[in-house]
Amino acid sequence: MIEVHLPGLDLKNPVMPASGCFAFGAEYGALYDLNELGAVTIKAATLQPRFGNSTPRVAETPSGMLNAIGLQNPGADQIIKNELPRLEKQKVPVLANIAGSEVDDYIATAKKISRHPAVNALELNISCPNVKHGGIQFGTVPEVAAELTYKVKAVSEKPVYVKLSPNVTDIVAMAKAVEAAGADGLSMINTLLGMRIDLHTQKPVLANLTGGLSGPAIKPVAIRMIYEVSQKVTIPIIGMGGIQNADDVIEFFLAGASAVAVGTANFVDPFVCPKIIKELPEKLNTMGVTDINELIGRSWKK
Amino acid sequence: MIEVHLPGLDLKNPVMPASGCFAFGAEYGALYDLNELGAVTIKAATLQPRFGNSTPRVAETPSGMLNAIGLQNPGADQIIKNELPRLEKQKVPVLANIAGSEVDDYIATAKKISRHPAVNALELNISCPNVKHGGIQFGTVPEVAAELTYKVKAVSEKPVYVKLSPNVTDIVAMAKAVEAAGADGLSMINTLLGMRIDLHTQKPVLANLTGGLSGPAIKPVAIRMIYEVSQKVTIPIIGMGGIQNADDVIEFFLAGASAVAVGTANFVDPFVCPKIIKELPEKLNTMGVTDINELIGRSWKK
Amino acid sequence: MIQEDMRVMAHEEIADHIFELKLQGQMVQQITEPGQFVHVRISGKTDAVAPLLRRPISICSADVKSRTLTLIYRSGGLRTGTELLTHTRTGDTVDVLGPLGHGFPVSEAPAPARALIIGGGVGVPPLYGLSQALAKRGIQVTHVLGFRSAKDVFYQTNFEELGKTFVMTEDGTYGRCGRVTDLLETVPFDIAYACGPTPMLRALEQTITDKPLFVSLEQRMACGIGACMACVTQTTDPNDAKGYRRVCCDGPVFKAREVEL
Amino acid sequence: MIQEDMRVMAHEEIADHIFELKLQGQMVQQITEPGQFVHVRISGKTDAVAPLLRRPISICSADVKSRTLTLIYRSGGLRTGTELLTHTRTGDTVDVLGPLGHGFPVSEAPAPARALIIGGGVGVPPLYGLSQALAKRGIQVTHVLGFRSAKDVFYQTNFEELGKTFVMTEDGTYGRCGRVTDLLETVPFDIAYACGPTPMLRALEQTITDKPLFVSLEQRMACGIGACMACVTQTTDPNDAKGYRRVCCDGPVFKAREVEL
Ligand SMILES: Cc1cc2nc3c(=O)[nH]c(=O)nc-3n(C[C@H](O)[C@H](O)[C@H](O)COP(=O)(O)OP(=O)(O)OC[C@H]3O[C@@H](n4cnc5c(N)ncnc54)[C@H](O)[C@@H]3O)c2cc1C
Ligand SMILES: Cc1cc2nc3c(=O)[nH]c(=O)nc-3n(C[C@H](O)[C@H](O)[C@H](O)COP(=O)(O)OP(=O)(O)OC[C@H]3O[C@@H](n4cnc5c(N)ncnc54)[C@H](O)[C@@H]3O)c2cc1C
Ligand SMILES: Cc1cc2nc3c(=O)[nH]c(=O)nc-3n(C[C@H](O)[C@H](O)[C@H](O)COP(=O)(O)O)c2cc1C
Ligand SMILES: Cc1cc2nc3c(=O)[nH]c(=O)nc-3n(C[C@H](O)[C@H](O)[C@H](O)COP(=O)(O)O)c2cc1C
Ligand code: FES
Ligand code: FES
């Protein structure tokens with residue numbers, strides 16, 4: 001009743017932690033059995049190890065938070081060596097988020113990571129500055145995002161989900177471009193670009209100046225974008241942005257998502273994912289819904 | 001110490017209500033003396049009267065709200081006849097927000113409204129669908145916004161502030177385009193496009209489906225955009241988006257604003273504007289700041 | 001209209017999810033009519049921003065001498081603003097804006113006359129103050145109060161003290177079974193007042209056409225004072241000068257059929 | 001580590017804006033070292049979303065028998081999360097995650113030995129539990145506690161019961177005038193432990209180079225359990241395998257000069 005089947009991801013429930021909010025599963029895995037989850041999305045892997053940005057890396061905002069972690073990760077090789085084997089022992093499907101500064105980085109990372117047996121699908125984080133194009137994000141120009149998708153698809157051994165940036169004028173154009181380029185699914189949304197200034201230092205709180213806004217504050221933007229995009233593409237959407245409970249999950253399904261990811265809420269309540277998974281069937285029962293798949297896009301379907 | 005001087009707007013303090021959140025001043029004017037305010041921004045005037053959207057027109061979201069009022073207003077002529085004379089009797093400067101569905105609407109409205117002696121400056125609301133261009137918002141294409149700005153400037157008897165939409169990939173490009181087209185100042189930001197779905201009806205809460213997200217939730221986005229734009233334009237910025245108190249006002253100044261507007265917070269606390277105006281000098285005192293103008297852009301100035 | 005931190009004098013659950021909240025403050029002196037409402041800030045402490053908007057709640061009754069007003073509200077349960085309000089305790093203060101709007105015109109009833117009061121669910125509270133005011137003028141009042149189920153019934157005895165009171169439940173678990181409109185023919189009256197769910201009001205507007213009827217409406221609100229245009233409703237008269245009414249300040253009470261329901 | 005709704009047993013302001021909060025729950029049994037911390041959710045009720053993030057607060061002391069732990073925290077004043085926490089009353093519950101992190105290694109002090117404990121401001125609380133643990137092992141403890149001003153001083157007598165205690169204020173309104181580092185030369189010790197503002201810790205790392213020194217760090221946190229990478233700090237050793245430490249789970253206590261301050 002809460003099973004969902006997406007390319008590469010056969011999920012016994014539609015709830016997974018969002019990339020970057022769950023590291024590689026070790027910490028939350030010490031608190032509960034990761035096999036309870038629909039899937040695990042791991043932190044962005046880059047070709048080379050990255051230390052990330054200076055601290056402060058997070059700041060609180062009204063019903064949200066800003067982060068500028070800076071893609072800290074040990075690099076694809078170390079992830080394959082140290083992190084994926086641990087996840088391989090679990091039964092839970094793995095969605096591997098990958099990032100880069102150039103198209104070639106993505107390609108090399110996708111090749112390595114997608115080949116690993118623990119990985120069921122790739123999630124392409126395109127909210128990264130493209131160093132070869134003056135730092136403009138891959139995710140803000142449809143042609144650039146499409147080219148990247150196409151090239152990653154060409155080398156990936158697993159289905160590819162493209163994670164869209166909400167910081168664009170026309171999210172539907174972005175979605176259609178990556179769908180046409182072969183994406184198997186979409187993840188949306190990544191964080192909104194924001195800033196907070198400290199009144200004492202009179203400078204931005206984050207060492208990186210700007211950061212990504214996540215949490216309940218952005219939920220209305222995520223719902224709107226999924227509502228728009230799901231009507232214009234045929235590939236499934238993993239929805240995220242401010243999810244905190246089963247009600248939110250259902251709102252995302254109604255908007256048009258076929259699965260969901262929970263990010264920031266893990267920091268507020270480390271048990272939030274299993275709690276939602278437990279709450280979900282009860283909630284569907286009270287709604288008289290026998291299969292969660294019925295709800296996908298119901299807010300716009302006739 | 002809290003006086004600011006902007007094109008057409010000599011403000012004894014930098015705090016004004018935001019357009020659409022204060023109607024034409026009658027209601028809040030019954031609660032306190034409007035002359036306490038730096039200025040009054042009046043609700044968007046369109047050439048013809050508009051009834052607006054069906055209800056529900058508002059929905060609450062985490063630390064924010066969605067609205068889809070639909071530019072309800074009695075039309076430029078009625079505003080000139082019934083609303084502006086009342087404001088003319090006050091000493092408070094008036095910033096008149098205008099909107100339209102075609103360039104010609106804006107031009108005609110600007111002509112009429114800018115001529116009125118009560119009006120000190122126009123604020124061009126470009127977050128409106130352009131019916132002649134398939135409903136794409138004027139505020140999302142730099143060339144379209146620039147053309148509109150240019151044409152309104154040509155007929156306006158008063159300085160023109162262009163109110164930018166945050167729903168764009170490149171806010172700096174928008175700002176530069178309207179500056180080049182002759183804008184005397186910028187207002188930013190308008191609302192983020194969002195949606196909320198009702199779990200009982202399984203449909204969007206708002207009759208209009210989508211609505212504009214305002215309130216504290218969007219402050220980090222507003223701060224980031226003002227921080228970016230203020231470094232690239234020479235015209236002043238009226239900052240808005242989630243302002244609730246004097247601390248927020250200072251944060252907007254540090255980001256690069258030269259005055260601020262308070263929208264949603266009026267609904268939470270109808271006395272919020274005079275409260276902020278009272279709080280502001282005290283706050284500057286504790287910071288050792290003698291002139292609020294010193295703070296403009298200090299977060300990025302060396 | 002003032003904004004005031006009112007003191008909680010009592011707060012208790014009087015039916016399933018239904019709370020009676022007694023607040024003390026200066027505001028009480030400004031109440032002019034039954035059916036006015038207050039706009040309650042749920043997130044009082046430290047500039048809290050969630051829930052952001054105030055909640056409109058009708059004034060159930062008011063006592064000028066003790067400067068106390070009574071609100072009766074339904075807690076929407078988990079994740080609603082009103083649920084948060086239920087945690088307020090005696091001695092706390094609550095940030096209230098009011099009194100707001102136009103209430104029931106008590107003087108419209110040419111005394112002596114027979115008034116019929118019809119309420120449904122959380123539409124019942126403002127009718128209590130109305131009935132008190134009518135009874136005070138010597139008007140004979142009959143109440144028809146509809147609830148969903150036995151567990152939802154409140155204030156029956158309070159109303160009974162003021163006049164004949166019929167309680168109905170939709171599922172028949174208490175009082176008569178059915179809807180309030182079922183009873184209309186059996187009760188003689190000269191003027192009627194109603195508050196409750198829109199379908200109920202619509203039915204009443206269709207039934208009570210030969211006598212004055214006043215209805216109190218609900219609409220999602222932001223400002224509560226007429227400035228934001230969130231709460232508008234169209235007039236039935238297409239030639240009306242404005243074409244709309246704001247529920248918060250032109251209402252919430254309207255003459256029957258003045259506005260679209 | 002568990003997440004628990006702990007019961008407030010006592011809550012009072014013990015110095016200017018400084019609150020002592022006693023919480024009861026199972027969690028207490030899991031505490032292994034002084035200097036561990038808990039992650040406190042300020043907005044407990046109804047899934048409230050503002051303030052969103054938890055606040056890291058050191059465990060000041062704990063009593064396994066009464067299952068009670070004591071926190072001492074500074075309220076940041078208007079518009080901060082900790083201000084909201086001050087409204088919590090005896091009998092309420094607070095959502096706490098803990099115990100978290102690695103604390104002060106008490107066994108590192110080869111007993112009998114003389115320990116020097118240096119604290120500044122709200123860095124003082126975890127040192128009380130540390131001093132209790134050291135004193136229990138028969139170690140002679142000396143405390144040097146720095147505060148900004150007389151009104152900020154707390155727990156002086158508590159520390160005095162455990163060992164010699166020097167209180168200093170920056171403005172000289174209480175105790176000795178100056179900074180904690182001014183006193184170092186006059187106090188004999190074999191091992192030192194410190195918690196307080198980063199400049200203080202930096203000064204101590206520069207001064208105390210010939211004896212073991214442990215410092216407890218602060219960093220903005222999100223998860224508090226090692227998963228988000230918000231709280232990292234670089235190792236001083238450029239050849240360190242990872243190159244960084246997470247304050248929340250690798251710390252908050254580190255050997256002096258292990259990480260960059
Ligand atoms: C003039 C007036 C008088 C009212 N009097 C009473 C009363 O005496 N007792 C009582 O229990 N209820 C009354 N209501 C309804 C009450 O305002 C809503 O039930 C309440 O706002 C719901 O808030 P929540 O926190 O439970 O729900 P949430 O779901 O948290 O509310 C989210 C948002 O939607 C709005 N909203 C949701 N439902 C309604 C509704 N039915 N009407 C208006 N806004 C709504 C809320 O105000 C808020 O802005 C009245 C409404 C109006 C307009
Ligand atoms: C391991 C550890 C132990 C601590 N122990 C204590 C203690 O025992 N007593 C005490 O008073 N304080 C302690 N602090 C500091 C305390 O966490 C901050 O003062 C508190 O988080 C500030 O929250 P606020 O609600 O007052 O401020 P806000 O301005 O509302 O905070 C906004 C955000 O910034 C973060 N933040 C702000 N200042 C700090 C800071 N100095 N350190 C970390 N995060 C910060 C908050 O956690 C929150 O996420 C400790 C910090 C850490 C990391
Ligand atoms: C601390 C943090 C780190 C993140 N790191 C990544 C990342 O490495 N890759 C990525 O695609 N998204 C990353 N995100 C974005 C989240 O996966 C998610 O899209 C976003 O936070 C919205 O969901 P939420 O509101 O539930 O947090 C990160 C978010 C946070 C808060
Ligand atoms: C109910 C409502 C109506 C609004 N109407 C207008 C309008 O008519 N014209 C306009 O330019 N902006 C309008 N806005 C946007 C505000 O002026 C402001 O830009 C935005 O709400 C952000 O500020 P805030 O977060 O302080 O509300 C409206 C906002 C709200 C909430
Ligand atoms: S609620 Fe704002 S006009 Fe009625
Ligand atoms: S706070 Fe998340 S890793 Fe330390």
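These numbers come from the heavy atoms of this one structure, side chains and all, not from hydrogens, waters or symmetry mates. It should be emphasised that the depicted structure is a prediction, and the values quoted were computed from it without experimental measurement.
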Kindly write out the residues that satisfy side-chain contact (heavy atoms from CB on, under 4.5 Å) with [X], not counting sequence neighbours, or none if the list is empty.
X	value
A:Ile226	A:Met188, A:Ile237, A:Phe252, A:Ala255, A:Ala257
B:Ile126	B:Leu124, B:Phe138, B:Ala145, B:Leu148, B:Val162, B:Leu164, B:Met174
A:Pro129	none

- Query: Most heavy-atom pairs under 4.5 angstrom with chain B, which of A:Ala222, A:Gly215, A:Gly242, A:Ala217?
  - Reply: A:Ala217
- Verify the neighbour count for atom CG of A:Leu209: are there more than 12 heavy atoms of other residues, nucleotides or ligands below 6.0 Å? yes
- To the nearest 0.5 Å, how far apart are CG in A:Leu295 and CD1 in B:Ile197? 10.5 Å
Inter-chain donor/acceptor N,O pairs below 3.5 Å: chain A to chain B:
residue: A:Ser63; atom: OG; partner: B:Ser63; partner atom: OG; Å: 2.4
residue: A:Thr169; atom: N; partner: B:Thr169; partner atom: OG1; Å: 2.9
residue: A:Thr169; atom: OG1; partner: B:Thr169; partner atom: N; Å: 2.9
residue: A:Thr169; atom: OG1; partner: B:Thr169; partner atom: OG1; Å: 3.3
residue: A:Leu193; atom: O; partner: B:Arg224; partner atom: NE; Å: 3.0
residue: A:Leu193; atom: O; partner: B:Arg224; partner atom: NH2; Å: 3.3
residue: A:Met195; atom: N; partner: B:Pro220; partner atom: O; Å: 2.9
residue: A:Ile197; atom: N; partner: B:Glu251; partner atom: OE2; Å: 2.9
residue: A:Gln202; atom: OE1; partner: B:Arg298; partner atom: NH1; Å: 2.7
residue: A:Lys203; atom: NZ; partner: B:Arg298; partner atom: O; Å: 3.0
residue: A:Lys203; atom: NZ; partner: B:Lys301; partner atom: O; Å: 3.3
residue: A:Pro220; atom: O; partner: B:Met195; partner atom: N; Å: 2.9
residue: A:Arg224; atom: NE; partner: B:Leu193; partner atom: O; Å: 3.0
residue: A:Arg224; atom: NH2; partner: B:Leu193; partner atom: O; Å: 3.3
residue: A:Glu251; atom: OE2; partner: B:Ile197; partner atom: N; Å: 2.9
residue: A:Arg298; atom: O; partner: B:Lys203; partner atom: NZ; Å: 3.0
residue: A:Arg298; atom: NH1; partner: B:Gln202; partner atom: OE1; Å: 2.7
residue: A:Lys301; atom: O; partner: B:Lys203; partner atom: NZ; Å: 3.3

- Message: Show, in sequence, the C-alpha distance, side-chain angles and deciding distance for B:Val221 and A:Leu213, and conclude whether the side chain to side chain contact (heavy atoms under 4.5 Å, CB included) test is met.
- Response: CA-CA 8 Å; B:Val221 176; A:Leu213 182 63; 4.0 Å; yes
- Counting only heavy atoms closer than 4.5 Å, note whether B:Ile218 contacts chain A via side chain, backbone, both or neither. neither
- Query: B:Leu66 versus chain A, heavy atoms under 4.5 Å apart: side chain, backbone, both or neither?
  - Reply: side chain
- Message: For A:Met287, which atoms come within 4.5 Å of any heavy atom of chain B: side chain, backbone, both, or neither?
- Response: side chain
- Query: Among B:Val168, B:Ile250, B:Leu192, B:Ile171, which has the most heavy-atom pairs under 4.5 Å with chain A?
  - Reply: B:Val168
